[in-house]
Amino acid sequence: MTQTYISDIASKAGGEAEIKGWIANFRSSGKLMFLQVRDGTGVIQCVTSKKEVSEKAWEDARTLALESSLIIRGTVNKDDRAPGGYEIWVSDLEMVGASVDYPIAKKEHGDAFLLDHRHLWMRSKKQHAILRVRHHVIKAIRDFFDDKGFINLDAPIFTPNASEGTSTLFETEYFGDKAYLSQSGQLYMEPGCAAFGKVYCFGPTFRAEKSKTRKHLTEFWMLEPEVAYMDLDGCMDLGEDLLCFIVEQALKRCQPELETLERDLSRLECVKKPFPRIHYKEACDILVKKGTGFTPGDDFGAPDEEALVEAYDRPLIIHRFPADIKAFYMKCEDDDPETSLSCDFIAPEGFGEIIGGSQREDDLEILESKIKQHDLPRDAFEWYLDLRKYGTFPHSGFGLGLERTVSWICGNRHVREAIPFPRMMHRLKP
RNA sequence: UCCUCGGUAGCUCAAUUGGCAGAGCGGGUGGCUGUUAACCACUAGGUUGGGGGUUCAAGUCCCUCCCGAGGAGCCA
């Protein structure tokens, strides 16, 4: 008999099936035993009756514990009493691996304990659902760009220089030299878009920020598209289209997962074009009026972002931040060197900034002076300056934080649950 | 780095004013032919994060160190 995955069990109704998996839960009523078996694609109830299986199989069933691995063979029946609507009447049960004192119990656990057991925790229902949503968000992102003719051009992870200062970089030894783990692939996407027009990179990035909040990881995945001849408005349009597509795909493909997570779907269904777009100065006026204690000219703190987005049911785009609180490579307004052509996307419901983007500086002289202004080593950026020497061109791009996006879609407040093995200031294991 | 909160059984937590260290879950044993985080009975399980101090007496008060969580700053 060949293995049937639980996700396909309906097609076997009335017939025989073989399930290979693990015990998710079990209950016994004397001579009758109810096994909840999961195989990664779903969970199915397997009913075992003492008089219908061999003595050995019954004895094996009696020694089962949470997460014992086993192979079940039996008849698939439709039964409303079973969770999921189908159950298997077991004819044979084969133990594969014992599970002694499985640490994650059926009741509550604390965060630290669960994170220590992340390798096992991901088997449980909610975590399983979040990571499946992550998979679908990643697929939506790739489909979105691939369908628009983008080339996936990955950036290096070892880098010799910092794009935005060295204080938040992880340093590592590199054959007697220093190297840093990449905190952004953006500088490498700029030559990429000159070669291919439309490119994106999508991979892990590293920030040694000593942040201890539910929105921060030291290792997180970032999507960074970069498009030649695209201006700031195009950049905002692209981010808007992308987020709409991600949400649409999640609603289409992750219905059961979002249900498991008890996500309020109405909050996702209203994520449609157009997103509100407000100028930085307009945002300042709103905050001053609200009296949050915000000082115009500063960057927004988390409470400011929340105060701004609370009026909207979809992501809020704030554009044209003061140049001095943004990165050196951002282009400024032609008639106003104090104002950068930048944009941030703030997710609703307090999930924070999920996209940060800008039009890039394409003038050689201005870029040179900015590198000087920011006290950055010019020789590390020589190759980057070449792009302005050999056929400079306007271009824009943004970075989207995958885990924050997944958290928002899932309605889960911790980014650490949106990645299989989170890396945080106080956590390097498992 | 700073602020706040916390660390008691395998897990989640309780312990009154400083006065016998407890419960639920999980584990073990037994029972139960339709369970839905099953249920019922019995049972084992403790260096109260480490060190020092005050006291007749410390889980509880003081000092110190370690670890964790939330937040700030910074960011996606």
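In what follows, chains carry the letters A, B, and so on, assigned in the order in which the sequence lines appear, proteins first and then strands, with residues in each chain numbered from 1.
- The residue among A:F220 and A:R413 whose nearest nucleotide of RNA chain B is located toward the 5' end is A:R413.
- The base of B:C32 sits with one of its N or O atoms less than 3.5 Å from a complementary donor or acceptor on the side chain of A:S28.
- A residue-by-residue look at A:G352 and A:M425 shows that A:M425 has its nearest nucleotide of RNA chain B further toward the 5' end.
- If you check every strand for non-hydrogen atoms under 4.0 Å, A:L400 touches nothing.
- OP1 or OP2 of B:G70 sits under 4.0 Å from a side-chain N or O of A:R416.
- Taking atom P in both B:A41 and B:C25, the straight-line distance is 10 Å, to the nearest Å.
- To the nearest whole angstrom, the two P atoms, one in B:C3 and one in B:C65, are 13 Å apart.
- Within 4.0 Å of A:A65, counting heavy atoms only, lies no atom of the nucleic acid at all.
- Counting any heavy atom pair closer than 4.0 Å across all strands shown, A:I104 reaches no nucleic acid atom.
- Using P as the reference atom, B:U48 and B:U60 are 10 Å apart when rounded to the nearest Å.
- Listed by residue number, A:D79, A:R81, A:P83, A:E87 are the residues of residues 73-88 of chain A with a heavy-atom contact under 4.0 Å to RNA chain B.
- The side-chain contact (heavy atoms from CB on, under 4.5 Å) search around A:A347 returns A:F351, A:I354, A:W408, not counting sequence neighbours.
- For A:D111, the side-chain contact (heavy atoms from CB on, under 4.5 Å) criterion is met by A:R416, not counting sequence neighbours.
- Separation of the P atoms belonging to B:C66 and B:G50 is 15 Å when rounded to the nearest angstrom.
- Here B:C74 presents its P atom at 10 Å from CG of A:D304, a figure rounded to the nearest Å.
- Listed pair A:K212 / B:G71 fails the phosphate criterion, with no side-chain N or O lying under 4.0 Å from OP1 or OP2.
- Heavy-atom distances under 4.0 Å link RNA chain B to A:N25, A:R27 of residues 7-27 of chain A, given in residue order.
- Judged purely by atom type and a 3.5 angstrom limit, A:D39 uses its side chain to pair as donor or acceptor with the backbone of A:I6.
- Residues meeting the side-chain contact (heavy atoms from CB on, under 4.5 Å) test with A:D80, sequence neighbours left out: none.
- Scored by the side-chain contact (heavy atoms from CB on, under 4.5 Å) test, A:R38 finds A:W22, A:A24, A:V43, A:E67, A:R123 as partners (sequence neighbours excluded).
- Between the side-chain ring of A:F34 and the base of B:G34, no stacking contact exists by the 5.5 Å and 30° definition.
- Nucleic acid contact for A:D299: sugar-phosphate only, since backbone atoms but no base atoms lie under 4.0 Å from a heavy atom of the residue.
- Sorted by residue number, the members of residues 110-137 of chain A with any non-hydrogen atom under 4.0 Å from RNA chain B read A:G110, A:A112, A:F113.
- Applying the 4.0 Å criterion to OP1 and OP2 of B:C11, one finds that A:H109 has every side-chain N and O outside that range.
- As judged by a 4.0 angstrom heavy-atom cut-off over every strand, A:K51 is placed among the base-contacting residues.
- For A:D60, the salt bridge (Lys or Arg N to Asp or Glu O under 4.0 Å) test picks out A:K56, with sequence neighbours left out.
- Judged as a side-chain hydrogen bond (donor to acceptor under 3.5 Å, both in side chains), the pairs with a partner in residues 305-314 of chain A (not counting sequence neighbours) are, in order, A:K290-A:E310.
- We find that A:D237 and A:R277 are joined by a salt bridge, their nearest charged nitrogen and carboxylate oxygen being less than 4.0 Å apart.
- Partners of A:H414 by ring-ring contact (aromatic ring centres under 6.0 Å, His included), not counting sequence neighbours: none found.
- Although no hydrogens or angles enter the test, the distance criterion places a donor-acceptor pair under 3.5 Å between the side chain of A:R404 and the main chain of A:E353.
- For A:R427, whose side chain is taken as the heavy atoms from C-beta onward, the closest listed nucleotide among B:G27, B:G68, B:A76 is B:G68.
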**OP:** Using Watson-Crick or G-U wobble pairs with both distances under 3.5 Å, give me RNA chain B in dot-bracket, 5' to 3', with [ ] for crossers and | for pairs to another strand.
**Re:** (((((((..((((.....[..)))).(((((.......))))).....(((((..]....))))))))))))....

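- As judged by a 4.0 angstrom heavy-atom cut-off over every strand, A:W408 is placed among residues making no nucleic acid contact.
- Rounded to whole Å, the separation between the P atoms of B:G59 and B:G52 comes to 15 Å.
- Between A:K31 and B:C32, a side-chain N or O to OP1/OP2 separation shorter than 4.0 Å is present.
- A:Q186 and A:E190 share a donor-acceptor pair across their side chains, judged by distance under 3.5 Å alone.
- Only the P atoms considered, B:U16 is 26 Å distant from B:A44, to the nearest whole Å.
- Straight-line distance from the CE atom of A:M33 to the C1' atom of B:C32: 12 Å, rounded to whole Å.
- When the side-chain hydrogen bond (donor to acceptor under 3.5 Å, both in side chains) test is applied to A:E52, no partner is found at least two apart in sequence or on another chain.
- Remark: side-chain polar atoms of A:R73 are not paired, donor with acceptor, to backbone N or O of A:E16 under 3.5 angstrom.
- A cation-pi arrangement is found for A:K148 relative to A:F144, the charged atom lying closer than 6.0 Å to the ring centre and inside a 45° cone about the ring normal.
- Taking the C1' atom of each, B:G24 and B:A15 are spaced 15 Å apart, rounded to whole Å.
- Between the A:T339 side chain and the A:E333 main chain, no donor and acceptor come within less than 3.5 Å of each other.
- Looking at heavy-atom distances under 4.0 Å, A:Q45 makes contact with a base.
- Taking atom P on both B:U8 and B:C61, the two are 16 Å apart, rounded to the nearest angstrom.
- Nucleotide B:A76 holds its P atom 10 Å from the CD1 atom of A:I346, rounded to whole Å.
- Panel note: side chain A:E240, backbone A:F275; a donor-acceptor pair is recorded below 3.5 Å.
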